[in-house]
Amino acid sequence: KLGDSLRGIVRKIAKSSKIDKYFVEEMVRDIQRALLQADVNVRHVMQLSKNLKERALSEDLHPRLNPREHVIKVLYDEIVDIIGKGVEIPLSKQKIMLVGLQGSGKTTTVAKLAKYFKNKNLKTAVICADTFRPGAYDQLSQLVGEHGIGFYGEKREKDAIKIVKNGLKALKDYEVIIADTAGRHALEEDLIKEMIDLEKVFQPDYKFLVLDAAIGQLASKQAKAFHDAIGISGIIITKFDGTAKGGGSLSASKETSIPIAFIGTGERIDDLEKFDPERFVSRLLG
Amino acid sequence: IILDERKVSKILGELELILLEGDVALEVVDKISEELKANLVGKKKKIGVRLSNLVEHELIKVLKKLFYSSSFDFYKYIEEREKPVVILFVGVNGTGKTTTIAKVAKKLMDRDHSVVIAAGDTFRAGAIEQIEEHATNLGVKLIKHKAGSDPSAVIYDAIQHARAKKIDIVLADSAGRMHTKKNLLDQLEKIKRINSPDLIVFVDESTAGNDCVERARMFNETVGIDGSILTKLDADPKGGSAISVAYITGKPIIFFGIGQEYDDLIEFDADWLIDRILG
Ligand SMILES: Nc1nc2c(ncn2[C@@H]2O[C@H](COP(=O)(O)OP(=O)(O)OP(=O)(O)O)[C@@H](O)[C@H]2O)c(=O)[nH]1
Ligand SMILES: Nc1nc2c(ncn2[C@@H]2O[C@H](COP(=O)(O)OP(=O)(O)OP(=O)(O)O)[C@@H](O)[C@H]2O)c(=O)[nH]1
Ligand SMILES: [Mg+2]
Ligand SMILES: [Mg+2]
């Protein structure tokens, strides 16, 4: 739909080295709607469209781009400035911790990440540090079961810190260790404290915030709380195989300057992709 | 004074932003705004009345009408319906279906109903173990088959068990599934065809925004939704996704999930929600 209305506008444009103001305003209005529909934070949509309008009008048209392409390029640059171009994770000995809201896809993503490193010939293991959710131990151990990935958990133990300490000892011969944690949100103070304590004991090299692609307006506030608590290295967006566009992750990124690292595209262990900014932005704009 | 289009549009624009910040989907905000415009432009207003108050008052009326037209007494329905009442819970991945079933079981048992749970998610890792632990904690009978078996068969088995043991209610879990996967929606249709549930309850999360429209619409068009439960309201979203779901389905919102414990389920209150969103 954005494409159709833009094509209609482009037909009215005369050639010039600067772009027509009326054209830019029409296009920015369409882009605003696309970003709102994609769940970008309302405040961020207003900021983005203001920056977009100013830059699109003040910058000279690139000789090889038509007016519509010029505006899209400016927008693309604005957005990639925010979300980054992916995170290069070294293929070396390291510890990784996954955190996020309830049901966002952490446990599934821990298994996917583990497979990713196993495929690169690194000896990889996972720790189930979720002592709250019924069946968490079974879920993670079943997910990594057949894939030659190490597993550590203690079904009866309620203290997640203890499990991580014991896990680090038991898994000392592994190169990559990935810890799954219980779902939590910013208002659960005791769970935020647990996460901070877990991070101190585990000392991960990478801490990923797992965000559902469909998350709405609360994304930036939640991301900020997680980042303030333990420092987040990257965002992993899950459930991108649905219809959600991931605007909440864009806002989370804008709020905290955390780059987007991976995208989850299904329930199977291979359904993990490295973040591709072009595909993300084109989907965002519909 | 006759209300003119330009003044009304300006105030509507401000209210639209409030609704959008409250997680009401853009498509639904558009439709609500159109309805408000139609109700207001060209109408008369008294000299002393502020236009912004009038427009907000009209918005509240429109929202209340949306909910009252679909209100539903869940407990009364259960009391009066021929037993066993079969309730199937559906929705996309991770929204809180399994946990919600445990909460609903507790609510019904507190009202002296007998309940059996069907472990209808035979697909996801750890799904049967998860619901089994809930059933054990609550002292509820669970009907399960082994992982990978046909969900329709598990639910069928649970209904036969309920008939034989004169149990009032069957709560049937199902695997989370993306509304984009036609084969998985077809599987739900098969579950419905074989087991004829009395109620199909759509479970979605209040933490989701615009996508609630896509999911509610797809589930409603393929398997049909009789009512919805919106979870995770304790994470503090405004709750506008309830408006999106109610608007798209035309069906009642039955409960809000407000936490991970068995008692964290509250009855839907339209006035409370509208007040929360409009601040
Ligand atoms: N379609 C799809 N489903 C996913 C994806 N990632 C996870 N899921 C599903 O989403 C649901 C929740 O995933 P989990 O891994 O249990 O989420 P979690 O964050 O560990 O949940 P909690 O531990 O309860 O906070 C499960 O049904 C997963 O199979 C994805 O990328 N696509
Ligand atoms: N904070 C909060 N968490 C909830 C609520 N309802 C469910 N959860 C949590 O959300 C996570 C996912 O819940 P599940 O019951 O496994 O969700 P599901 O829809 O059955 O997931 P799948 O079967 O994998 O599709 C769990 O960690 C639950 O404890 C709620 O109202 N508030
Ligand atoms: Mg988990
Ligand atoms: Mg479930």
Side-chain angles (χ1 to χ4, degrees), chain A residues 32-43 45-46 101-108 111 132-145 155 182-188 191 212-219 221-222 238-248 266-267 269, chain B residues 16-27 29-30 92-99 102 123-137 147 175-181 204-215 218 231-232 234-238 240-241 259-260:
Chain A
Q32 271 183 353
R33 287 183 57 82
L35 294 177
L36 286 170
Q37 211 262 335
D39 295 308
V40 179
N41 182 298
V42 174
R43 207 173 14 96
V45 173
M46 296 312 156
L101 299 178
Q102 287 89 353
S104 56
K106 297 174 293 299
T107 305
T108 311
F132 174 78
R133 173 165 154 157
Y137 176 108
D138 297 296
Q139 183 184 8
L140 185 57
S141 74
Q142 285 171 25
L143 283 173
V144 301
K155 238 185 191 175
R184 70 201 75 219
H185 59 71
L187 294 179
E188 294 168 313
L191 296 185
D212 191 316
I215 192 170
Q217 294 291 310
L218 85 171
K221 189 152 171 258
Q222 291 292 330
T238 60
K239 308 179 203 171
F240 223 51
D241 47 312
T243 46
K245 312 241 174 58
E267 295 192 76
I269 203 163
Chain B
E16 285 170 8
L17 287 183
I18 293 177
L19 292 175
L20 289 168
E21 284 185 311
D23 275 322
V24 181
L26 181 64
E27 176 180 336
V29 171
D30 283 348
V92 304
N93 306 77
T95 56
K97 300 175 289 302
T98 305
T99 309
F123 168 74
R124 204 208 67 211
I128 297 174
E129 291 85 342
Q130 179 185 10
I131 200 163
E132 184 155 33
E133 190 168 323
H134 283 312
T136 304
N137 291 344
R177 66 203 65 221
M178 275 306 163
H179 48 298
T180 43
K181 310 228 156 76
D204 213 340
E205 49 206 345
S206 339
T207 45
N210 279 266
D211 206 48
C212 287
V213 161
E214 301 307 316
R215 351 212 274 190
M218 210 58 218
T231 62
K232 308 181 191 171
D234 51 305
D236 211 24
K238 283 266 152 63
S241 38
Q260 303 189 170

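In what follows, every chain begins at residue 1, and chains take the letters A, B, ... in the order their sequences are listed.
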Working to the nearest 0.5 Å, report the span between [atom1] of [X] and [atom2] of [Y].
| X | Y | atom1 | atom2 | answer |
| --- | --- | --- | --- | --- |
| E267(A) | N93(B) | CD | CG | 4.0 Å |
| T243(A) | M178(B) | OG1 | CE | 8.0 Å |
| L20(B) | N41(A) | CG | CG | 11.0 Å |
| D236(B) | Q222(A) | CG | CD | 8.5 Å |
| Q260(B) | Q102(A) | CD | CD | 4.0 Å |

Proximal component of [X], with respect to chain B [non-hydrogen, under 4.5 Å]:
| X | value |
| --- | --- |
| I215(A) | both |
| D212(A) | side chain |
| Y137(A) | neither |
| A244(A) | both |

### Query
In chain order, what residues pass the salt bridge (Lys or Arg N to Asp or Glu O under 4.0 Å) check against R184(A), with sequence neighbours excluded?
E194(A)

### Message
Can you list everything that forms a salt bridge (Lys or Arg N to Asp or Glu O under 4.0 Å) with D234(B)? Sequence neighbours excluded, please.
### Response
none

### Query
Looking at K232(B), M218(B), E214(B), R124(B), which one has more heavy-atom pairs under 4.5 Å with chain A than the rest?
R124(B)

## Note on the structure
Given P237(B), A208(B), G94(B), A235(B), the one with more heavy-atom pairs under 4.5 angstrom with chain A than any other is A235(B)

At a heavy-atom distance under 4.5 Å, which candidate from [options] has the highest pair count against chain B?
| options | answer |
| --- | --- |
| A214(A), G103(A), A111(A) | A214(A) |
| G135(A), A219(A), G216(A) | G216(A) |
| R133(A), K221(A), R43(A) | R133(A) |

Donor-acceptor pair, [X] side chain versus [Y] backbone, under 3.5 Å?
| X | Y | answer |
| --- | --- | --- |
| Q37(A) | L26(B) | no |
| N210(B) | L36(A) | yes |
| T207(B) | L218(A) | no |

### Task
With side chain to side chain contact (heavy atoms under 4.5 Å, CB included) as the test, would you mind laying out the steps for M46(A) and L17(B) before giving the verdict?
CA-CA 10 Å; M46(A) 296 312 156; L17(B) 287 183; 3.6 Å; yes

Under 4.5 Å heavy-atom distance to chain A, tell me which part of [X] shows up: side chain, backbone, both or neither.
| X | value |
| --- | --- |
| E205(B) | side chain |
| K181(B) | side chain |
| A25(B) | neither |

### Message
Go through it in stages, so that I can follow the logic: the residues are Q139(A) and E129(B), the test is side chain to side chain contact (heavy atoms under 4.5 Å, CB included), and I'd like the CA-CA distance, side-chain angles, deciding distance and then a yes or no.
### Response
CA-CA 8 Å; Q139(A) 183 184 8; E129(B) 291 85 342; over 6 Å; no

### Shortest non-hydrogen separation from H134(B) to P134(A) and the atoms involved
CE1-CG, 3.6 Å

#### Entry: N-O pairing of D30(B) and R33(A) below 4.0 Å
yes

### Query
So with a 6.0 Å cut-off around NZ of K238(B), is the heavy-atom count from everything else above 12?
no

### Message
Could you check whether atom CZ of F123(B) has more than 12 heavy atoms from other residues, nucleotides or ligands sitting under 6.0 Å from it?
### Response
no

